[in-house]
Asks: 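I am attaching a structure below and will ask some questions about it afterwards.
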Amino acid sequence: MGQDLFSLAGQVALVTGASKGLGLAMAEAMAEAGAAVVLNGRTAATLDARVKDFAARGLKASTAPFDVTDADACRKAVVDVIARHGKLDILVCNAGNQHRKPLIEWDLDAWHNLMNTHLTSAFVLGQAAARHMIPRGTGRIIMIGSVMSLLARPTVHGYTAAKSGLWGLTRSMAAELGPKGINVNAIAPGFFVTDMNTALVENPEFKSWIEKRVPLGRWADPRELGGAAVFLASKAGSYVNGHLLSVDGGIVTSL
Ligand SMILES: NC(=O)c1ccc[n+]([C@@H]2O[C@H](COP(=O)([O-])OP(=O)(O)OC[C@H]3O[C@@H](n4cnc5c(N)ncnc54)[C@H](OP(=O)(O)O)[C@@H]3O)[C@@H](O)[C@H]2O)c1
């Protein structure tokens, strides 16, 4: 294996929610490791601009604009990626959103939106990818969970339930797909500076609480998630299956 341990040369990866934030950072890291990455998000023009940036750096990328809450669009996107590239080796289910309200103010539409965006989309895309990966006897599926897959905070009810469900789905898929040569794992990021967390970063009290609460003493940069995704997608992660990899500066293991 040697220096090829973390290489993704010749691999095709679909990353949802890769127009910015953690998805973009993971797609960049995988492209730097040699993968041809397919960037998803809802706006074609934004994705086109990202692909241009990638190409300028000699990185292989293309786009797959679709809304992950549209199950038919998810299935079609997987078929299209396979038609375009001949295969799909790596699926990263990362697209996500947030909704913060006291419990009694939550309405059912918001609940369903969180569930559809994080959890149902991962089921649909994972199933579509598995249909292709099972006959090939190989593949990697990576679910982007959260600290909230394991812990909880007030107001983020749909998010916490969906991310906990995603960790459950990771385990059930790993149990069923492992014997077919497909590794299914999750990453649980801690607190990263992205658009999703703007309200938290701009709240001085919360910002400094995180700095005190995280053993590493700071918020994370999105680029600090790339290595975990490359690891789980590469030969280096060949015997890792059904695992939740925390990338959180130590927050879930300390009080
Ligand atoms: N930031 C953190 O600290 C943190 C911690 C733990 C877990 N996470 C998880 O990491 C993932 C990425 O979060 P982030 O912080 O990078 O957020 P972000 O900067 O807000 O990016 C969210 C991404 O998801 C895409 N997206 C949202 N809804 C979508 C939909 N219905 N269909 C397709 N794409 C959709 C967005 O694309 P468009 O808007 O361009 O469509 C964007 O690319 C999420 O699952 C989040 O829960 C983040």
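One-based numbering, in listed order, for ligands and for the atoms of each. Throughout, residue positions are numbered sequentially from 1 according to the sequence presented.
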Asks: Under 4.0 Å from a heavy atom of Phe66: give me the atoms of ligand 1 that qualify, with their elements.
Replies: 32 (N), 33 (C)
Asks: Does the side chain of Asn183 reach to within under 4.5 Å of the side chain of Leu232, using non-hydrogen atoms?
Replies: no
Asks: Out of Gly96, Ala77, Ala27, Ala64, who gets a non-hydrogen atom closest to atom 22 (C) of ligand 1?
Replies: Gly96
Asks: For Ser246 and Val252, which heavy atoms make the closest approach, and how far apart are they?
Replies: OG-CG2, 3.7 Å
Asks: Treating Asp67 as the side-chain partner and Arg42 as the backbone partner, does any N or O pair qualify as donor plus acceptor under 3.5 Å?
Replies: no
Asks: Is Thr46 near ligand 1, meaning one of its heavy atoms is under 4.0 Å from it?
Replies: no
Asks: Only heavy atoms of Asn40, strictly under 4.0 Å: list the atoms of ligand 1 that pass.
Replies: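 Per the distance check, 33 (C), 34 (N).
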Asks: Any heavy atom of Met148 closer to ligand 1 than 4.0 angstrom?
Replies: no
Asks: Heavy-atom distance to atom 9 (C) of ligand 1: which of Phe192, Tyr159, Trp219, Phe191 wins?
Replies: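 Shortest heavy-atom distance from atom 9 (C) of ligand 1: Tyr159.
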Asks: So is Gly190 in contact with ligand 1, going by heavy-atom distances below 4.0 Å?
Replies: yes
Asks: Can you pull out the closest protein heavy atom to atom 13 (O) of ligand 1? Residue, atom name and distance to 0.1 Å, please.
Replies: Met196 CE, 3.8 Å
Asks: In chain order, what residues pass the salt bridge (charged side-chain N to carboxylate O under 4.0 Å, His left out) check against Asp72, with sequence neighbours excluded?
Replies: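 With sequence neighbours excluded, Asp72 shows a salt bridge (charged side-chain N to carboxylate O under 4.0 Å, His left out) to Arg75, given in chain and number order.
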Asks: Identify, for atom 39 (O) of ligand 1, the protein heavy atom at the shortest distance, and state residue, atom and that distance.
Replies: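 Scanning the protein heavy atoms, the shortest distance from atom 39 (O) of ligand 1 goes to Arg42 NH2, 2.9 Å.
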Asks: Looking only at non-hydrogen atoms, find the nearest pair between Val68 and Ser121 and report the distance.
Replies: O-CB, 3.2 Å
Asks: Take every heavy atom of Asn97, measure it against each atom of ligand 1, and state whether any distance is under 4.0 Å.
Replies: no
Asks: Out of curiosity, is His118 lining ligand 1, as in a heavy atom under 4.0 Å away?
Replies: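 Right, His118 reaches ligand 1.
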Asks: Looking only at protein heavy atoms, which one is nearest to atom 25 (C) of ligand 1, and how far off is it?
Replies: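 Looking at atom 25 (C) of ligand 1, the protein heavy atom closest to it is Gly17 CA, 3.5 Å.
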Asks: Among all protein non-hydrogen atoms, which one is nearest to atom 18 (P) of ligand 1, and what is the separation to 0.1 Å?
Replies: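 Answer, as residue, atom name and distance: Lys20 CE, 3.9 Å.
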Asks: Considering only heavy atoms of Pro189, which atoms of ligand 1 have at least one such atom less than 4.0 Å away?
Replies: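 What qualifies from ligand 1 is 5 (C), 6 (C), 7 (C).
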Asks: Quick test: of every protein heavy atom, which one is nearest to atom 12 (C) of ligand 1, and how far off is it to 0.1 Å?
Replies: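 Looking at atom 12 (C) of ligand 1, the protein heavy atom closest to it is Asn94 OD1, 3.3 Å.
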Asks: Do ligand 1 and Leu22 have nitrogen or oxygen atoms that lie under 3.5 Å from each other?
Replies: yes
Asks: Determine, considering heavy atoms only, which of Val147, Val193, Asn113, Val68 sits nearest to atom 32 (N) of ligand 1.
Replies: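 Ranked by closest heavy atom to atom 32 (N) of ligand 1, first place is Val68.
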Asks: Determine whether the side chains of His118 and Lys163 contain a donor N or O and an acceptor N or O closer than 3.5 Å.
Replies: yes
Asks: Salt bridge check, Arg136 against Asp89: does any charged N sit closer than 4.0 Å to a carboxylate O?
Replies: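 Yes, this pair counts.
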Asks: Can you check whether Phe54 reaches Lys60 side chain to side chain, under 4.5 Å on heavy atoms?
Replies: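 Heavy-atom side-chain distance check fails, nothing below 4.5 Å.
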Asks: Hey, does Ile144 come in under 3.5 Å of ligand 1, counting only N/O atoms on both sides?
Replies: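 It does not: no N or O of Ile144 is found under 3.5 Å from an N or O of ligand 1.
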Asks: Starting from atom 1 (N) of ligand 1, which protein heavy atom do you reach first, and at what distance in Å?
Replies: Thr194 OG1, 3.1 Å
Asks: So for Asp67, does at least one of its heavy atoms come nearer than 4.0 angstrom to any atom of ligand 1?
Replies: yes
Asks: Considering residues at least two apart in sequence or located in another chain, which fulfil the side chain to side chain donor-acceptor pair (under 3.5 Å) criterion with Lys207?
Replies: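 With neighbours one apart ignored, the set is Glu211.
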Asks: With no hydrogens and no angle check, is any side-chain donor or acceptor of Thr117 less than 3.5 Å from a backbone partner on Leu114?
Replies: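 Judged by distance alone, no pair lies under 3.5 Å.
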Asks: Tell me the protein heavy atom at minimum distance from atom 2 (C) of ligand 1, and give that distance in Å.
Replies: Asn197 ND2, 3.3 Å
Asks: Are the side chains of Arg140 and Val92 in touch, meaning some heavy atoms are under 4.5 Å apart?
Replies: no
Asks: So Phe6 and Phe231, would you call those rings parallel, tilted or perpendicular, with 30° and 60° as cut-offs?
Replies: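 Geometry flag for Phe231 against Phe6: tilted rings.
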Asks: Consider every N or O of Thr43 and every N or O of ligand 1, then say whether any pair is closer than 3.5 Å.
Replies: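 No.
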Asks: Regarding atom 40 (O) of ligand 1: of the candidates Ala18, Gly41, Ala220, Ser19, which has the closest heavy atom?
Replies: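 Nearest option to atom 40 (O) of ligand 1, by heavy atoms: Ser19.
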Asks: Just to be sure I'm reading this right: ignoring hydrogens, which of Ala95, Ala45, Cys74, Gly21 gets closest to atom 34 (N) of ligand 1? Compare them by their nearest heavy atoms.
Replies: Ala95
Asks: Check this for me, if you would: do Glu224 and Arg218 make a salt bridge, where the nitrogen-to-carboxylate-oxygen distance has to be below 4.0 angstrom?
Replies: yes
Asks: For residues Ser254 and Arg213, determine if any side-chain heavy atom of one lies less than 4.5 Å from a side-chain heavy atom of the other.
Replies: yes
